[in-house]
Amino acid sequence: MKITRISVYQTDLPLAEPYWLSGGRLKFEALDATFVKLETDAGVTGWGEGTPWGHTYVPAHGPGIRAGIETMAPAILGQDPRRLEALERAMDACLPGHLYAKAPVDFAAWDISGQVQGMSLAAMLGGVEGDPGTRIVSSVSSGTPEEVYARIERFRAQGNRAHSVKVGGNAEADIARIRYLEERRLPEEQILYDVNRAWSRREAMLVMQATAGLGVTFEQPCESLDDIAAVRAVTSAPIAVDESLVTVQDAARVAREGIAEVVDIKLNRVGGLTRARRMRDIALAHGQQIYAMATGCTVMADAEAAALAQSVPESHRLGCWACQDMITVDVAPGRGPRNTGGLLRIGEAPGLGFAPDEDVLGPPLAVYSEG
Ligand code: MG
C-alpha cells in the first residue's frame, strides 16, 4: 500500500468568544486550521488536522503547516501509511523539526492504518481501559476572579468538572485569584492553574509558596525547563508542563530530572500520535500523570487526543479537552466524540472513525500526487 495523493484544506475556526491567554497577554478570535487528506492505491483514505492555538502562543504557524507539507510532499508520496515510523523518518529526513507541521500527516496515516487493521486509534494505542469517556478539562480564559468564576460556571452547566484556569498576572493578584476560586471549587472538581510561561522564577516561587496549603497544581509556570527545574527545587506544589514538552528528549528530561509530576501532551505540538505514544510511555514509566490534548481544533483533533487519553490507565489519566465547544464551525456534524456530561467518549469504529464534510472545508488549497 502506498500514499498516492495528499490534499490540503484550510478553514478558519472562529472562537465563540474572544480568548485571552494568561495574564491577558494575548487575545485572538479565530484559529487557522489545516486539514490533510491522504489517499492510497488501496482506496483507503485518512484524515488529520493541524490547528495551532494562534501564531503568537508558541512556535507553530497555520500557514507554516501548509508550507511544510508542500516541502515534505515528495517524501510522503509513495510511503506505506501503515509503516508509521518509516513515514516519520521520511518526513524528518526531508524537513528536520517543524513537528507541528508533521502532526496532521501522522494522524492521517494512523487513520488509514486503523481502517486497514479494523482497529480504532485507541485500540492501536493499546486499548481502552474502563469507560471510554475521558474527563474534559475546560480552557478558562484569563480575567478578574469574578469573570473567571462566571466562565467556570458556564462550563459546569455543560457538565465539565475539570478546568484549566489561565493565571499569570502579577503575583499578588494571582494569589488572590487562586484563593477566590479554590473557596468556590466544588467537591471532586479539579482546577489546574495554567500560567502559560507568564511568571518569572521569583513570581512563581512567591505564588506557589503562598498557595502551597491549597494542594493545587500549576501548569508551565515559567518560560523554560531550566526555569521550571529551578522553581521545582524550592516549591512543593505539583507542576505540569506543556509548552516545554515538544520533543521526546524533553519528555525524557522532565521525567528523569523530576521537573514535573504531570505531563500535558499536546499531540499537534509533539508531531502526532507516533511521538505522543512514546511520551506517554516515558511518563508512565516514571509515575507521571497525563493530560492528552490538541493545541486547538475541531472534533477531529479532539478525537485523536481522546484516543491517546483512553490508552492511559485510569490511575494516570487526568483528562483531555474539547476545543470543539469553543468554536463556531463543525466540520463533521453529528459525528465523532462530543461533550456528554463533561466526558469525551470515543467510539470503536476503525481508525479515526469519521471524516469531515468536504463541503464545509471547501476546495483544497493544494493537491500533491505521484507522477
Ligand atoms: Mg497549558
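These values consider heavy atoms only, across backbone and side chains, with no hydrogens, waters or symmetry-generated copies. Starting from 1, each residue takes its place in the sequence as its number.
L99 is not connected to V241 by any chain of hydrophobic side-chain contacts under 4.5 Å among Ile, Leu, Val, Met, Phe, Trp and Tyr, and they are in different clusters. A continuous path of Ile, Leu, Val, Met, Phe, Trp and Tyr side chains, each step under 4.5 Å between heavy atoms, connects L125 with V263, placing both in one hydrophobic cluster. With hydrophobic clusters built from ILVMFWY side chains whose heavy atoms lie under 4.5 angstrom apart, L95 does not share a cluster with V248. Under a hydrophobic clustering in which Ile, Leu, Val, Met, Phe, Trp and Tyr are joined whenever their side-chain heavy atoms come within less than 4.5 Å, directly or via other members, Y57 and I65 fall into different clusters. Under the 4.5 Å side-chain contact rule for hydrophobic residues, V137 and L344 do not share a cluster.
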Quiz item: Is there a ring pair (Phe, Tyr, Trp, His ring centres under 6.0 Å) between F28 and W53 once you walk through the steps?
Solution: CA-CA 9 Å; F28 50 91; W53 191 237; 5.1 Å; yes
Quiz prompt | E189 and R161: CA distance, side-chain angles, deciding distance, salt bridge (Lys or Arg N to Asp or Glu O under 4.0 Å) verdict | solution = CA-CA 5 Å; E189 195 172 39; R161 288 294 178 273; 5.1 Å; no
Quiz prompt | M300 and F354: CA distance, side-chain angles, deciding distance, side-chain contact (heavy atoms from CB on, under 4.5 Å) verdict | solution = CA-CA 8 Å; M300 277 180 60; F354 61 96; 3.7 Å; yes
Quiz item: Run the side-chain contact (heavy atoms from CB on, under 4.5 Å) check on Q115 and S113 step by step: do they pass?
Solution: CA-CA 5 Å; Q115 291 177 58; S113 260; over 6 Å; no
Self-check item: CA sep, side-chain torsions, deciding dist, call: Q324, D330, side-chain hydrogen bond (donor to acceptor under 3.5 Å, both in side chains)
Solution: CA-CA 8 Å; Q324 59 182 289; D330 192 345; over 6 Å; no
Practice problem: Report the C-alpha distance between R201 and D227 in whole Å, list the side-chain angles of each, state the deciding distance to 0.1 Å, and finish with yes or no for salt bridge (Lys or Arg N to Asp or Glu O under 4.0 Å). | Solution: CA-CA 6 Å; R201 295 187 188 190; D227 294 336; 2.8 Å; yes
Quiz item: Could you go step by step and tell me if N170 and E203 meet the side-chain hydrogen bond (donor to acceptor under 3.5 Å, both in side chains) rule?
Solution: CA-CA 8 Å; N170 75 62; E203 289 167 317; over 6 Å; no
Exercise. Could you walk me through whether N268 and F107 pass side-chain contact (heavy atoms from CB on, under 4.5 Å), step by step?
Key: CA-CA 9 Å; N268 292 82; F107 290 141; 3.6 Å; yes
Exercise. Evaluate side-chain contact (heavy atoms from CB on, under 4.5 Å) for E257 paired with L225, printing each intermediate quantity in order.
Key: CA-CA 10 Å; E257 296 182 14; L225 285 183; over 6 Å; no
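Nearest heavy atom pair, residue I228 against residue C222, reads CD1-O, 3.9 Å. When all heavy atoms are compared, the tightest approach of A306 to I346 is CB-CG2, 3.5 Å. For G272 against A103, the heavy-atom pair with the smallest separation is N-CB, 3.7 Å. Pairing each heavy atom of A101 with each of G68, the nearest pair is CB-CA, 4.4 Å. Taking every heavy atom of both residues into account, E219 and D242 meet most closely at OE2-OD2, 2.9 Å. Across every non-hydrogen atom of P221 and A240, the tightest pair is CD-O, 4.3 Å.
Atom CD of residue Q190 and atom CZ of residue R185 lie 9.0 Å apart, to the nearest 0.5 angstrom. Annotation: the span from L318 atom CG to I290 atom CD1 amounts to 8.5 Å, rounded to 0.5 Å. Distance check: D194 CG to S139 OG gives 7.5 Å after rounding to the nearest 0.5 Å. How far CD1 of I191 is from CD1 of I152: 4.5 Å, rounded to the nearest 0.5 Å. Between atom CG of residue L77 and atom CD of residue E39 there is a gap of 11.0 Å, rounded to the nearest 0.5 Å. Once rounded to the nearest 0.5 Å, the distance linking CD of Q158 with CD1 of I136 reads 8.0 Å.
Remark: D131 engages R345 in a salt bridge, criterion side-chain N to carboxylate O under 4.0 Å. Ion pairing between R269 and D264 fails under the 4.0 Å rule for side-chain N and carboxylate O. Salt bridge status for E88 with R277: absent, with no side-chain N to carboxylate O gap under 4.0 Å. Salt-bridge annotation for D174 and R177: present, with a side-chain N of the basic residue lying under 4.0 Å from a carboxylate O of the acidic one. Taking a cutoff of 4.0 Å between a charged side-chain nitrogen and a carboxylate oxygen, R135 and E188 do not qualify as a salt bridge.
At least one side-chain heavy atom of P337 sits under 4.5 Å from a side-chain heavy atom of V299. Between I239 and M208, the closest side-chain pair of non-hydrogen atoms falls below 4.5 Å. Between R232 and E261, the closest side-chain pair of non-hydrogen atoms falls below 4.5 Å. Inter-residue side-chain proximity for V360 and F35 is flagged as unmet; no heavy-atom pair is nearer than 4.5 Å. Within the 4.5 Å cutoff, no side-chain heavy atoms of M72 are placed close to those of I6. When side chains are defined from C-beta on, Y100 counts as touching H61, because their heavy atoms get closer than 4.5 Å. Using a 4.5 Å cut-off on side-chain heavy atoms (C-beta onward), L245 and K266 make no contact. Side-chain contact check for Y193 versus T211: every heavy-atom pair is 4.5 Å or farther apart.
Remark: the Q10 side chain and the D32 side chain contain an N/O donor-acceptor pair separated by less than 3.5 Å. E49 and T298 are linked by a side-chain donor-acceptor pair at a separation below 3.5 angstrom, with hydrogens and angles left out of the test. Looking only at atom types and distance, the side chain of E183 has no donor-acceptor partner in the side chain of Y149 under 3.5 Å away.
Put simply, the side chain of D80 gets close to the backbone of R82: a donor and an acceptor are under 3.5 Å apart. Judged by distance alone, the side chain of Q220 and the main-chain N or O of S244 form a donor-acceptor pair under 3.5 Å. For E153 (side chain) and F155 (main-chain N/O), no donor-acceptor pair under 3.5 Å exists by modelled atom type. No donor-acceptor pair closer than 3.5 Å links the side chain of D281 to the backbone N or O of R278. Looking only at distances, a side-chain donor or acceptor of K102 sits under 3.5 Å from a matching main-chain atom of G97. Looking only at distances, a side-chain donor or acceptor of R317 sits under 3.5 Å from a matching main-chain atom of V312. Looking only at distances, no side-chain donor or acceptor of R156 sits under 3.5 Å from a matching main-chain atom of G159. Remark: the backbone N or O of L273 is not paired with any side-chain donor or acceptor of E304 at under 3.5 angstrom. Looking only at distances, a side-chain donor or acceptor of T295 sits under 3.5 Å from a matching main-chain atom of T51. Not one N or O on the side chain of T40 forms a donor-acceptor pair closer than 3.5 Å with the backbone of T4.
A cation-pi contact, defined as under 6.0 Å to the ring centre and within 45° of the axis, links R184 to Y180.
Shown are T274, D106, I76; of these, the side chain to side chain contact (heavy atoms under 4.5 Å, CB included) with L87 is made only by I76.
Listed by first and then second residue, the side-chain hydrogen bond (donor to acceptor under 3.5 Å, both in side chains) pairs involving residues 351-368 are Y9-E358, K37-E358, R335-D357 (not counting sequence neighbours).
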